[in-house]
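Only heavy atoms go into these numbers, but all of them, side chains included; no hydrogens, no water, no symmetry mates.
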Amino acid sequence: MDEKLARLSLNQRTIKSWSVPEAVEGCVRAGVPGIGLWREEVADVGLETAARLVRDAGLQVTSLCRGGFFPAATEEARAGRAADNRAAVDECVALGTDVLILVCGGMVGDLDRSREQVAEGIADLAPYAGERGVRLAIEALHPMYCADRSVIVTLSQALDLAERFPAEQVGVVVDTFHQWWDPDVAAEIARAGAGGRLLGYQVCDWLDPLPDVLLGRGLPGDGTVDFAAFGRWMEAAGYDGAIEVEIFNAELWARDGDEVLLDVRDRFLTHVV
C-alpha cells in the first residue's frame, strides 16, 4: 500500500447512506485502511456485529463519534448523559479504538455555567475512560456552533480543559473545518503535541460561500483551507497517526458511495498528504 494512503481513514458520516457493513465493504474495495465510526450506525447493526465486521476486514477503527453533550438543565438529564458517555467508552473498547470524540454540547442557560458543566462531565468520565484504555478527544467546534453544539470553540479552550487531566485520559482532535480560521492554531497544535495530547486529525474544506451551516463542508481542494500548512504543523508536533476525512455535505450524500470514496482518496493524496 502507498505509504500516504496508509494514513487515510474514512469517517463514516462522509458517506451517510452507508451502513456499517456497507462502509466496511467500501473501504476494503477502495483500499482505505481506516474507518471512523458513528454510534448511531453501530447501534443499527449491533455492537458485536460491527466489531466483528471491522475486525474481520482488518480495518483500523480510528475513532468513535461521539460522546459529550454535557450541559443539561436538570440533574436527571445530566445523569442520563453521564451514563450514555460511559456506554460510549465501553463501545470504544468493543470496537477496538482508543479514541472517543467529544462534542461537548451547546449552551443550556448561562454560557459560563455551560462550560463548567462540560468540565464537570469530563472530570466524571475521564477516570472511567482511562481505566479502560480509552482517551477522550475534545473537539473544539467553529464558534457558529457555540449555542447548540459546543461551547468549546477554540483549540486553546480545548487544551486548557484537557490539561486539567492526565494526557493518557484526555486530549484533543484537530479538525480543519473548525480551526482553519484561528490565528493561534499553529501554536496550539504545537502545544498539544508537546503535551502528548494530539489524539486525532480530521479534514475537510471550508467552502466560500458556505452553502449550509451544517451540511456545507467540502472535499479537500474545493475551499479555503491550507492543508499543506496544517500538515506541516501536525508533523512538527509529532502527529503521525490516521487522518480522517469527515465531510457533512448533502450533495455528496446524494451521490454513489463508491464514487465519493474514490474522490475522497484522490483528494486526500492530492491535497492532504
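The ring pair (Phe, Tyr, Trp, His ring centres under 6.0 Å) check on H271 picks up nothing, with sequence neighbours excluded. Listed by chain and number, the residues in a salt bridge (charged side-chain N to carboxylate O under 4.0 Å, His left out) with R52 amount to none (sequence neighbours excluded). With sequence neighbours excluded, the residues that form a salt bridge (charged side-chain N to carboxylate O under 4.0 Å, His left out) with R217 are E246. In this structure L207 satisfies the side-chain contact (heavy atoms from CB on, under 4.5 Å) test together with P211, D222, N249, sequence neighbours excluded. In terms of the ring pair (Phe, Tyr, Trp, His ring centres under 6.0 Å) criterion, F227 has no residue partners (sequence neighbours excluded). A search for side-chain contact (heavy atoms from CB on, under 4.5 Å) contacts involving A236 returns nothing, not counting sequence neighbours. Every residue two or more places apart in sequence or in another chain that forms a salt bridge (charged side-chain N to carboxylate O under 4.0 Å, His left out) with R78 is listed here: E75, E120. D182 meets the side-chain contact (heavy atoms from CB on, under 4.5 Å) test with T154, D184, V185; sequence neighbours excluded. Residues passing the side-chain contact (heavy atoms from CB on, under 4.5 Å) test with D256 are D258, E259, sequence neighbours excluded.
Between V118 and F70, the shortest heavy-atom contact is CA-CB, 3.9 Å. A123 and F165 get closest at one heavy-atom pair: CA-CE2, 3.5 Å. Across all their heavy atoms, L47 and L95 have their closest contact at CD1-CG, 3.8 Å. Minimum interatomic distance between V172 and A192 (heavy atoms only, all atoms of both residues): CG2-CB, 4.0 Å. Residues V42 and A50 share a closest heavy-atom pair of CG1-CB, 4.0 Å. Nearest heavy atoms, A30 versus L261: CB-CD2, 3.6 Å.
Legend: ring-ring contact (aromatic ring centres under 6.0 Å, His included) pairs involving residues 89-129, not counting sequence neighbours: none detected. Under the salt bridge (Lys or Arg N to Asp or Glu O under 4.0 Å) criterion, the residue pairs touching residues 158-168 are D160-R191, E163-R191, with sequence neighbours excluded.
The shortest side-chain heavy-atom distance between F177 and F248 does not fall under the 4.5 Å cut-off. P143 is listed as a side-chain neighbour of W181, based on a closest heavy-atom distance under 4.5 Å. In this structure, W233 and Y239 have side chains that are not in contact, with every pair of non-hydrogen atoms separated by 4.5 Å or more. Side-chain contact between Q169 and P166: present, with at least one pair of heavy atoms (C-beta onward) separated by less than 4.5 Å. At a threshold of 4.5 Å between non-hydrogen side-chain atoms, the residues R39 and R66 do not count as touching. Within the 4.5 Å cutoff, no side-chain heavy atoms of D266 are placed close to those of L262. Side-chain contact between I15 and L10 is present, with heavy atoms from C-beta onward closer than 4.5 Å. Between V89 and L125, some side-chain heavy-atom pair lies under the 4.5 Å cut-off.
In terms of modelled atom types and a separation under 3.5 Å, the side chain of Q179 and the main chain of V174 share no donor-acceptor contact. Of the possible polar contacts, one joining the E22 side chain to the S19 backbone as a donor-acceptor pair under 3.5 Å is found. Within the 3.5 Å criterion, the main-chain N or O of G67 finds no donor-acceptor partner in the side chain of N85. One N or O on the side chain of D205 and one on the backbone of G223 form a donor-acceptor pair closer than 3.5 Å. A distance-only check finds no donor-acceptor pair linking the side chain of R149 to the backbone of V103 [under 3.5 Å]. A donor-acceptor pair under 3.5 Å links the side-chain atoms of R81 to the main chain of P71, judged by distance alone.
The hydrophobic clustering, which links ILVMFWY residues whose side-chain heavy atoms are closer than 4.5 Å, places I101 and V93 apart. One hydrophobic cluster, built from ILVMFWY side chains closer than 4.5 Å, cannot hold both V108 and L161; they sit in different ones. Under the 4.5 Å side-chain contact rule for hydrophobic residues, V173 and I122 do not share a cluster. Under the 4.5 Å side-chain contact rule for hydrophobic residues, L159 and F230 share a cluster. In terms of hydrophobic clustering, with Ile, Leu, Val, Met, Phe, Trp and Tyr side chains grouped at heavy-atom distances under 4.5 Å, V245 and I243 are assigned to a common cluster.
Here the straight-line distance linking atom CG of D44 with atom OG1 of T49 works out to 11.5 Å at 0.5 Å rounding. Summarising the geometry, atom CG belonging to L155 is positioned 5.5 Å from atom CD belonging to E188; distances are rounded to the nearest 0.5 Å. Here the straight-line distance linking atom CG of D2 with atom CZ of R7 works out to 12.0 Å at 0.5 Å rounding. Here CD of E48 is found 12.0 Å from CG of L53. Values are rounded to the nearest 0.5 Å. Atom CG of L141 and atom SG of C146 lie 9.5 Å apart (nearest 0.5 Å). Here the CD-SG distance, from Q157 to C104, works out to 9.5 Å after rounding to the nearest 0.5 Å.
Between D263 and R255 a salt bridge is recorded (basic side-chain N to carboxylate O distance below 4.0 Å). A salt bridge is defined here as a Lys NZ or Arg NE, NH1 or NH2 lying under 4.0 Å from an Asp or Glu carboxylate O, and R13 with E41 meets this definition. A salt bridge does not link D98 with R132: every distance from a Lys NZ or Arg NE/NH1/NH2 to an Asp or Glu carboxylate oxygen is 4.0 Å or more.
Annotation: E40, atom CD; neighbour count of heavy atoms from other residues, nucleotides and ligands within 6.0 Å is above 12.
Partner of Y145 under the side-chain contact (heavy atoms from CB on, under 4.5 Å) criterion, out of V151, L214, V153: L214 alone.
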For I189 and M234, run side-chain contact (heavy atoms from CB on, under 4.5 Å): C-alpha distance rounded to whole Å, both residues' side-chain angles, the deciding distance at 0.1 Å, then the answer.
-> CA-CA 7 Å; I189 288 173; M234 294 295 287; 3.7 Å; yes

Discussion item. L215 vs W253, test: side-chain contact (heavy atoms from CB on, under 4.5 Å). Steps then yes/no.
Written reply: CA-CA 10 Å; L215 306 182; W253 289 351; 3.5 Å; yes

Trace of the side-chain contact (heavy atoms from CB on, under 4.5 Å) decision for V272 with R267
CA-CA 7 Å; V272 178; R267 298 298 188 93; over 6 Å; no

* Mind running side-chain contact (heavy atoms from CB on, under 4.5 Å) on Q12 and V20 for me, showing each step along the way? => CA-CA 8 Å; Q12 189 178 5; V20 171; 3.6 Å; yes

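The six-membered or imidazole ring of H142 lies near that of W206, with a centre-to-centre distance under 6.0 Å.
Judged purely by distance below 3.5 Å, without hydrogens or angles, the side chains of N11 and W38 pair a donor atom with an acceptor atom.
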Would you tabulate the side-chain donor-acceptor contacts of residues 57-64 under 3.5 Å, counting partners in other chains and residues two or more places apart, or write 'none'?
{"from": "T62", "atom 1": "OG1", "to": "S9", "atom 2": "OG", "distance (Å)": "2.8"}
{"from": "T62", "atom 1": "OG1", "to": "I35", "atom 2": "O", "distance (Å)": "3.4"}
{"from": "T62", "atom 1": "OG1", "to": "E244", "atom 2": "OE2", "distance (Å)": "2.7"}
{"from": "S63", "atom 1": "OG", "to": "E244", "atom 2": "OE2", "distance (Å)": "2.5"}

